[in-house]
Structure formats: C-alpha cells, structure tokens
Amino acid sequence: MNKYIPSSIESKWQKKWKEDKLFSPDMEVAKNPYYSLMMFPYPSAEGLHVGNMYAFCGSDIHSRFKMMQDLDVFEPIGLDGFGIHSENYALKVNQHPVELSKITEKRFYEQLMMIGNAYDWTRTVETFKPNYYKWTQWLFLQMYNKGLAYRKKASVNWCPKDLTVLADEQVINGACERCGSIVEKKLLEQWFFKITDYTERLLGNLDKLDWSEKVKIAQRMWIGKSEGVMLKFNSEDKAAEVEVFTTALDTVFGVTFLVVSPENPLLQKFIKEDKRERVDQYVKAVKKKTESQRMENREKTGVFTGGYVINPLNREKVPVWVADYVLVGYGTGAVMGVPGHDARDHEFAQKFSLKVKPVIKPKDGFKGADVGQDGFWDYPEIKNQFAETSVLFDSAQYSGLTSKEAKQKMSDYIEDNNLGKRQIQYHLRDWLISRQRYWGPPIPIIYCDKCGVVAVPEKDLPVELPYVSEFRPSGKGQSPLATSADFYNVKCPNCGGKARRETDVSDTFLDSSWYFLRYPSVEFDDKPFDKQRVKKWLPVDMYIGGAEHSVLHLLYSRFITMVLHDLGLLQFEEPFSKFRAHGLLIAEGAKMSKSKGNIVNPDDYIKEYGADTLRTYLMFLGPFSEGGDFQDKAIGGSYRFLQRVWALQEKVTDSVILSEAKDLQMMHKTIKKVTEDIEQLKYNTAIAAMMEWLNYLSRKEKVRAEEYKIYILLLAPFAPHITEELWYIIGESGSIHKESWPKFDNKYLEEEEISIPVQVDGKVRDILLIQKDIIDNREVVEKIAMESQKVQKFLQGKSVKKTVYIPGKIISFVVSN
RNA sequence: GUCCAGGUGGCGGAACGGUUUACGCGAUAGUCUCAAAAACUAUUGGUCGCAAGGCCAUGUGGGUUCGAAUCCCACCCUGGACACCA
C-alpha cells in the first residue's frame, strides 16, 4: 500500500477534473438541472481566508451530494470585483485597480481550485469586465425606461472616509458598513431606484420562500411596515395644518404637545414672532451638529415655537415644539406628543416640564408601581403584553374600551369627519445607487443642454470605464471620472449637440443583483441572458451565503428579479427558491479580522495536511448554519481520520461475505444518517457518523469490498480527492463523483435485541435487553422489568402506584407520592 | 431599548420529551523503540467508596410531566441584527 500523500493526489485530480470538464453540465441537454449557487466573493489580493473557505466548502458539499443523486448540478463561481472593497485595497497597496484585478482574479481562482470545489470553470463571471458590466448598464437602462430609476437632490448618507454616498442599507448604526466612519448628511443630486414601488410584493412573497428564517425576519424588519393613521392637526387660527402619523391613536386624548422636526418646512408656519429668534437659533444649531454628535448625545433638546394646534378629537389646545428627536425622513416629520405612554415623549416632557396625561390603564386599575409618580405608564406599544388587558380612561366616549376597540372606533370617526385617514408606513426607502468612486460601471446617462437627461442608446453599451491614473476619490462629491475630459465630453445621442456624461458609477450591489442570471448564459454576447437557459436553470435551487447580506444583496436581487419579471423577461419573480445562511467561522473566540490579527490562511493548512483534511475539519467543527471556532490543534484529528480511511484498504477483501446483521446495520444506519444530515447541512454530525462506522470497521478482521466502496462513496462530497484516488485503487473506473449515492434499507436497521431502560421514580435503575418479538407485549416486558434485581432493590417495601411502558423506548415505575 | 440565536466535561460540540456527555481535540497510562515522534490499546463529568454501588451535575429560580438539557413562565449572562421609525 502506498502512503497517503495529499499533495500529490490532490493537484492531480484537480487538473484532471478541469481537463475533463467533469463539473461542466451541458447547459442545453441536461435532463435534471440543479442550480447550486454560492455568494461570489469580492476579491482583494490578500486572498481568501479560512472563513471564506468554510462557506465555499459547505456549499460545495451540498452540490456534490446532489450531483451523486443523479442531478445535473451547475455550481458556478465568479468574482464580485467592482466596488469600494476592491478599490480601497488598491488604494491601500497603491496599485491601480485595473492591474490589481488581474492579480486578484488569478489568486482567487487558484485558491478556489486548490480547495477542490466542483466548479464549472468554463462559466466564470467577473463583474468588472466590460462583457459583464455592459449588461449591468443595460439593466440600468431598463430601470430608467420603466420609470424606476430617477434622479433627485436629496440629503444623503456621505462617508467622509470612503468619500462617497451610501445606500440606507449600507449605514449601520449611523456608521459606514465598510469602514465604520460615522456618516454625514450631504445634499447631492443622485440616482435612485424605486424599490418602494415593490414594498408589498417584497414583503408578501417572503411567506412563500424556503429561506433561513432569520433572514426573512431581517427583511421584514427592514421593510418595517406599520399600520396606523395619518391625523390632521389645525393651528389655532386655522392658518396652518400639520399631519402626524401614529400607530397609537388610542392615546390621542393623552396628547399634551406636538413636535415638528427642525428640517420640516411646515415649522415656519407655527413660529410666533417673539419666539422666532430662539427657534432659528435652535434649528441652526441642529444643522451644525454632525451625525456623530447626534449619535453620542441623545439627550432631548427642543424649543417652543409659540404656536398652538387643536387636538381634533378633544379640541384641546396643544403647544407646538421643535425638536431633533423627530426624524424628517420617516412619516411626516412631525409627531403628536403623548408623554403618558411613549418613552421618548415622556423624556421630552420631563425635560421641559410639559404636562403628562395617562389615558390607558390596566383593566383592574393601576397596581402600585404600574404608573410612576410622573404619570408615565409603559403602554402596550412599548410593553405589549398589556395590550389585551388595558382600557382607556379620561377619553370621552371612548373611555372603558380596550385599545383595539378604541383604535377601531377612533379611526372610523376620523375618516367620517375628514380629520385624517388610515395609513400604512414603511421604513424601506428608495435605493440610492450613485457612487462617487472610480471602480464601478459608469451610469449610462448623458446630460444635454438642449435635450436634458438622455439615456445612452443600447447599441452604444458598454460605456467603458476609462483607465484613469488618478483614481483616488476627490471628496468633492464627484467621481474621479469627472477629471477625465475625454470621458465626460460627448455628443448628445439625440441632437448631436454638446453634452456631458454622468461621471458617477453605480453601487456594487447592482452588479451582484443579477449575476446569477448571467452564469448559464456567459457565452452570449448579444444579450444579458438567454431566455431558454433561464427557463431551464432558474430560479436557483439552492443558494448559500452569509446572513450579513440579509437586507442588502438578498433584497436587491429580489427587487431586480421582480422588475425583470414585470418587463416580461423572466417567468418567475423570486430568484432563489431556497436560501440557507451559513454560520460565521471565528478564531480564538473572536471574529476573524485584520485588526485582531487572527486571520487564518487556508493555504498553509492545505500545504501541510491537504485540502481534504481542511474541508473535513471545517465541516466537522460545528453545525454549518451556526459556524464555529477554528482550532489549530484539532485539525490533526481530521488528518488522522483520513489516514485511517486510507489505511483501511489493507483490510479489504472480496472473500468475506457481508452477512453479519451488525455489519449491515452499521452500514445502513450510516447511509441513512449521512444522507439525512447532508440534506439539512448538518455536516458535523454526518462526519461523526462516518467516524463511528470507521471505528467499527477498523475493529474488524476483514472489511468486505462492498462495505469499503460504500464508505468512500459517502465520504466523497467531504473529501473529494482521497475518495477519487481510492476509487481507482479498489479497481473502479470513471469518477466517483459521477456515481450514484448509496441507498439505505430500513429492514436492516432493526435490532434483534432492544435495550430498554427501566426507571423507578424517574431514575434509570437497570437496562433490559428485550427480544424484538416480545417488545410489544406489555405484560411480559413489565414482568421482566419488575423482576430485575437492580429494580427490586428500589421497589422493596413500596407499592407501585403507576407503570408507564412506551414500547421499544422505556419502562417507568412510580412508587412515591 | 426591540428582535433573533445561544448558555451541556479541560476544549469544539452530540442528543432537542425517554440510558446526558455521540464524534473529535486535549490529558493520563501502556505497547512498539536505544530513545523520541508517529501509530496502536485502555482510561478520562464531579464526588463518596477497597469494591459493588450511591449521590450530584445541561446558566439561575419556579412550573407542566411517570420522566425535562429538551416544553411553559420569570430572571441572569454571551453572541448577532436593528435602533429617537412615533
């Protein structure tokens, strides 16, 4: 027997698989297409770390498993190479992104080759190549023509470090999701996609999708639907009207003030002359405050405007304040202040000594601490366990009603009297796609002095990204392309007159919002995707990726797919039938990051132990959906495991007949376990089952060829190289990865003797071995149990009050009270 | 603050109403060796005991059940997502 030397067999098979196009299904004739997709990486020349490998291997194992279930699996790979991530890396190492992209492409593909994934290397997609971004620009044009891309001047999120605007989805906790800088607000003219036109569909379809629940929840939260009413408040003198949105109309009798946000133009109408100076001062001060100052200090501030409005339900006079805790971007930029039942309003009222008036109480009255001395009661909207049991008081004819009833009746009243209307608000806002950076697809728009905004004609695509040596972002709210006269000076496609190109590029998430459509159609230069191909291969059967893309990539892709569906270009409106989020691989108890210096490089491990060992170890260290902790020491265990599988070939013989019931049972039990576990991505327990069977086989004198063959078939998705080699060693031909997955038969799983624990008062006192044929005979089994000496010891002198027997499971005697 | 995961040996983790600690790492002892490494074999939750065996252990406190790591309630931690969204 040869020694197991991973390095020599792994590269050999990788080369052969690629040459033979083993993992390139025929796009046209494949009978059972199965599209298995992994989120493609955004490359930087540092290469993939072991956390990336973890994700890619997990997806690959599932793909290979499906392949062996005789499906024509299409498992493509590509690079999401445009965007800030790659560009920042270029800035850091001071190399031009164009050159760098060539290096990173090579490096990434080499690494992905080394790990042994079953990629179709004939169909890669790189978003930064003109033959791809031509169609990203085409997509923009479709959006534009459908009225879903529009330009507006808006206060947008500006990252002071990356020197570009960001989408709302890219701002986390007031900070840039890339670099962590606190974002600023900037007024700029930008391109937006009207994702808000699709809100209800994006929300509604979620229920039908087979996706990881946490991702669906994140999307629902992001869309942020809330139902309430839009209520009109007239100023005292009826000269002005302001609308507020509320989800808690039942508290309307508790309104003691009204707050308008400093940015709200309606504010002006409420300011009384004697207060103008102070109000102006306040508004100015707020505008000067940076976002970070606002984040840090959340203490309530505000100024009384001098104006009053009338509460439409009880006709009470309510003072109007201006305060920056009211956001201009949500609802109407004005809220009714109910300090009795809203924590923020309460805080505000306390600070400025405004009246607090509770109007809802528990059905059976307040109990001591329910309502504080300051009159604040944590009302249902905050602690909704009270929602069912609380009633209104001091609310005219609505007193005594529950919140739900009151909301109903008050809404009716408001609508009947034209005081407002029921309304649904969403958190989701339109997708800002302009970026003032270099490394992205130029937005295909031309501005003509005469014709205005003109779309670049489709025949002129791609608008190629020029090689600009000064690719650094300028920070002036303009892309570096704005310095290239050759680029921006154009003739208007309409009138031929002097015109100027849009110099911003589009968001990298636009590149990735449709890449899955391109893979099956990469060879077509005249269209983004071929109708027949799409029909055959999409939607994606299984999509695996990180949960960090819950509201970015995964939401945008769904939106874009819906639009293409509405344009009649796709038959489906959801791109990913099944999505599973993988867990995060951490190292030394912490997230892998450069700053912590705990990045683990997979190359070293591949060199030392081989890709098969690394794959097996990564998949064994914890449940794939939950991630785990990478421990350097423990990887040796996986290496030993494969060594032992290799060594087992010595014991293989054809002369022993596989007849022992126990042998068959182990085999079928393992097939069952591994099959079911892979299906659910529970790779760690699948591998544990393989180890158990291996331990069993190693203890035997001889191992039958049949057993060994099935063993390596089950192991093939996890360790593709060693199993391929062993496949040839045992005299088989063709690739093991094109073999059919072993099947199990339940008839071998039953045992002759079944062990039944016997409990006395809930504690196990003995374990009986019961013959299969009497297992259902309650009396006999109970008698055997009762007669057990170990059990008798605990029954002595006591009477059995109750006996529970679950056939084949357990027997339980109850003696105590 | 809200939402979502989780808290089980020295460690990563199994089990997810029915024998807690599968599988692996580590540790200890042994075999082999001049020696070491590797490999192989055995032991390995705590505690009392010479042993048989007992008792105690799944974050804490209650509850449901013949039986709870698992289900319910409250609380305490850890990780993640969202967050002045009215």
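Letters go in sequence order (proteins before strands), and every chain restarts at 1.
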Legend entry - Presence of salt bridge, Lys232(A) and Glu243(A), under 4.0 angstrom: no
Inset, instruction - Could you check whether Phe348(A) gets within reach of a base, just the sugar-phosphate, or nothing at all, counting any heavy atom under 4.0 Å? - result: nothing
Legend entry - Identity of whatever pairs with U28(B) - Watson-Crick or G-U, under 3.5 angstrom: A42(B)
Legend entry - Euclidean distance, atom CZ of residue Arg765(A) to atom P of C66(B) [Å, nearest integer]: 19 Å
Inset, instruction - Using Watson-Crick or G-U wobble geometry with both distances below 3.5 Å, tell me the partner of G18(B), or none. - result: C66(B)
Legend entry - Syn-anti status, with the boundary at 90° from 0, for the nucleotide G6(B): anti
Inset, instruction - For the pair Asp210(A) and Arg580(A), find out whether any cationic side-chain nitrogen is under 4.0 Å from an anionic carboxylate oxygen. - result: yes
Legend entry - Nucleotide forming a Watson-Crick or wobble pair with C23(B), both distances under 3.5 Å: G12(B)
Inset, instruction - Assign Lys300(A) to base, sugar-phosphate, or nothing according to its heavy-atom contacts below 4.0 angstrom with the strands shown. - result: base
Legend entry - Rounded interatomic separation in angstrom, taking CZ from Phe794(A) and C1' from A52(B): 12 Å
Inset, instruction - Send over the distance from Tyr330(A) OH to C82(B) C1', rounded to a whole Å. - result: 14 Å
Legend entry - For atom CH2 of Trp646(A) and atom P of A39(B), their distance in whole Å: 17 Å
Legend entry - Flag for Tyr696(A)-Glu692(A): side-chain donor and acceptor within less than 3.5 Å: no
Inset, instruction - Please report, rounded to the nearest Å, how far the C1' atom of C4(B) is from the CD atom of Gln219(A). - result: 15 Å
Legend entry - Nucleotide paired to U2(B) in any strand shown, Watson-Crick or G-U, under 3.5 Å: A81(B)
Inset, instruction - Between C72(B) and G1(B), how far apart are the P atoms? Round to whole Å, please. - result: 23 Å
Legend entry - Glu299(A) bridged to Lys351(A) by N-O distance under 4.0 Å: yes
Inset, instruction - Run through Val260(A), Val309(A), Leu231(A), Val326(A) and flag the one making a side chain to side chain contact (heavy atoms under 4.5 Å, CB included) with Val244(A). - result: Leu231(A)
Inset, instruction - Just name whichever nucleotide pairs with C50(B), Watson-Crick or G-U, keeping both distances under 3.5 Å, else none. - result: none
Legend entry - Sugar-phosphate, base or nothing in reach of Arg220(A), heavy atoms under 4.0 Å: nothing
Legend entry - Polar contact flag, side-chain donor to acceptor under 3.5 angstrom, Asp345(A)-Tyr325(A): yes
Inset, instruction - Return the nucleotide paired to A37(B): Watson-Crick means purine N1 to pyrimidine N3 with N6-O4 or O6-N4, wobble means G-U with N1-O2 and O6-N3, both under 3.5 Å. - result: none
Inset, instruction - Quick one: which residue pairs count as a ring pair (Phe, Tyr, Trp, His ring centres under 6.0 Å) with a foot in residues 616-635 of chain A, not counting sequence neighbours? - result: Tyr54(A)-Phe624(A), His582(A)-Phe624(A), Tyr605(A)-Phe630(A), Tyr617(A)-Phe630(A), Phe624(A)-Tyr683(A)
Legend entry - Minimum-distance nucleotide to Lys763(A) side chain [options: C4(B), C56(B), C84(B)]: C56(B)
Inset, instruction - Write down the distance separating the P atoms in A22(B) and A35(B), rounded off to the nearest Å. - result: 35 Å
Inset, instruction - Determine, for nucleotides 6-28 of chain B in 5'-to-3' order, which nucleotides have protein heavy atoms under 4.0 Å from the base (write B), from only the sugar-phosphate (write S), or from neither (write -). - result: -----SBSSS--BBS-BBSSS--
Legend entry - Complementary nucleotide of C75(B), counting Watson-Crick and G-U pairs under 3.5 Å: G59(B)
Inset, instruction - Could you state the atom-to-atom distance from CG of Leu648(A) to C1' of C40(B) in whole Å? - result: 15 Å
Inset, instruction - Quote, to the nearest angstrom, the C1' distance that separates U60(B) from G7(B). - result: 11 Å
Inset, instruction - Please report, rounded to the nearest Å, how far the P atom of A68(B) is from the CG atom of Asp761(A). - result: 11 Å
Inset, instruction - Please state the P separation for the pair G12(B) and G26(B) - nearest whole angstrom. - result: 15 Å
Inset, instruction - Output yes when Glu750(A) and Lys772(A) qualify as a salt bridge under the 4.0 Å nitrogen-oxygen rule, no when they do not. - result: yes
Inset, instruction - For Glu169(A) and C82(B), give me the distance from atom CD to atom C1', rounded to whole Å. - result: 13 Å
Inset, instruction - Between C75(B) and G80(B), how far apart are the P atoms? Round to whole Å, please. - result: 23 Å
Legend entry - Position toward the 5' end of RNA chain B (nearest nucleotide), Met336(A) or Lys793(A): Lys793(A)
Legend entry - Flag for Glu169(A)-Tyr556(A): side-chain donor and acceptor within less than 3.5 Å: yes
